[in-house]
Amino acid sequence: MRLRKLITDAWSWLDYKPVMADPRRPGRNTWAELTRSWVPDEDLRRLAAYRLLAAYDSNQAGQFAAVTGDDEAGIERRELGDASKLVDTALGYLLGSQQVISVAGAEDTDDEPTAEAAAALAVQDKLRSWAEKELLLLRLQQAERTAILLGDAVYTLAWDPAKGRALLRTWDPGLYFPEWPEDGEQDGAEFPLRVHLAW
């Protein structure tokens, strides 16, 4: 087998899988018909990697290999859930046993708290109340598990006038399509010019 093209990106470590070589090639991409027209070429490898990693997580890597033609005998593979166990274990170590919202100075409330300590405590109480309404801990676990598995996670925070608070949502990163500057410069501190969410 001859190497036709060398691609170095965040998903290069998956290049031993033929499905990563050309995600638009018929028969290699299990959802090529769905993505044929609207998915930008620069996002295809990312989406193919997500699909492949999700297959490992759900013990379907053999089925995925059989469907894409990578391994005709893939359907016969035995999978024991090791990938999923590794992701869950990493998530447990990452998040620890509990997460607590704390505001600096809020715990410094003695018998007679200062005005700053009282204000910090009020902000902390509001943030904790918001987190409970928005199911912050569950959304955090969901997004961080996705980040461990796929290397990406997407949160959105938007104001909802009807509820009178900011709403926190997590998205499958496969539905996230950022538009970066034309010069190709991507700085981790910058936000994309525009973001498309597809579903």
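When reading the values below, keep in mind they use all heavy atoms of this one structure, side chains included, and skip hydrogens, waters and symmetry mates. Keep in mind that this is a model prediction, so the values were computed, not measured.
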What side-chain donor-acceptor pairs closer than 3.5 Å can you find for residues 92-100, not counting sequence neighbours?
residue : atom : partner : partner atom : Å
Gln99   : NE2  : Leu95   : O            : 2.6

### Message
Holding to salt bridge (charged side-chain N to carboxylate O under 4.0 Å, His left out), I want the full list of residues that pass it with Arg169, two or more places apart in sequence or in another chain.
### Response
Glu134
### Task
May I ask whether Leu14 and Val87 are part of the same hydrophobic cluster, defined by side-chain heavy atoms of I, L, V, M, F, W, Y residues being less than 4.5 angstrom apart, directly or through others?
yes
Donor-acceptor contacts, no H, no angles, side chain residues 140-149, under 3.5 Å, sequence neighbours left out:
residue : atom : partner : partner atom : Å
Gln142  : OE1  : Thr170  : OG1          : 2.7
Glu144  : OE2  : Tyr155  : OH           : 3.1
Arg145  : NE   : Asp88   : OD1          : 2.7
Arg145  : NH1  : Asp57   : OD2          : 3.1
Arg145  : NH2  : Asp57   : OD1          : 3.0
Arg145  : NH2  : Ser84   : OG           : 3.3
Arg145  : NH2  : Asp88   : OD1          : 3.1
Thr146  : OG1  : Gln142  : O            : 3.0

### Query
Partners of Tyr50 by ring-ring contact (aromatic ring centres under 6.0 Å, His included), sequence neighbours excluded?
none
### Task
Would you please name every residue forming a side chain to side chain contact (heavy atoms under 4.5 Å, CB included) with Glu179, sequence neighbours left out?
Arg194, His196
### OG on Ser12 to CZ on Arg45, rounded to 0.5 Å
5.5 Å
### Message
Less than 4.5 Å apart, side chain to side chain, heavy atoms only: is that true for Leu175 and Asp172?
### Response
yes
### Query
Which heavy-atom pair separates Ala83 from Tyr56 by the least distance, and what is that distance?
CB-O, 3.7 Å
### Task
Taking all non-hydrogen atoms of both residues into account, name the closest pair between Phe177 and Ala198 and its distance.
CE1-CB, 4.0 Å
Tabulate below the donor-acceptor pairs under 3.5 Å that side-chain atoms of residues 116-128 make, not counting sequence neighbours, or state none.
residue : atom : partner : partner atom : Å
Gln124  : OE1  : Val103  : N            : 3.0
Gln124  : NE2  : Glu107  : OE2          : 3.2
Arg128  : NE   : Ile101  : O            : 2.7
Arg128  : NH2  : Ile101  : O            : 2.8

## Note on the structure
Of all heavy-atom pairs linking Ala166 and Leu157, the shortest is CB-CD1, 4.0 Å
### Query
Just wondering, do Trp130 and Leu168 contact through their side chains at under 4.5 Å, heavy atoms?
yes
### Task
Indicate if Leu197 and Trp159 have the same hydrophobic cluster label, given that clusters are the connected sets of ILVMFWY residues with side-chain heavy-atom separations under 4.5 angstrom.
no
### Task
Supply the atom-to-atom distance Leu86 CG to Leu91 CG, rounded to the nearest 0.5 angstrom.
12.5 Å
### Message
Does any part of the side chain of Thr156, heavy atoms only, come nearer than 4.5 Å to the side chain of Leu167, both counted from C-beta?
### Response
no
#### Entry: Straight-line distance of Leu150 CG to Arg46 CZ, nearest 0.5 Å
10.0 Å
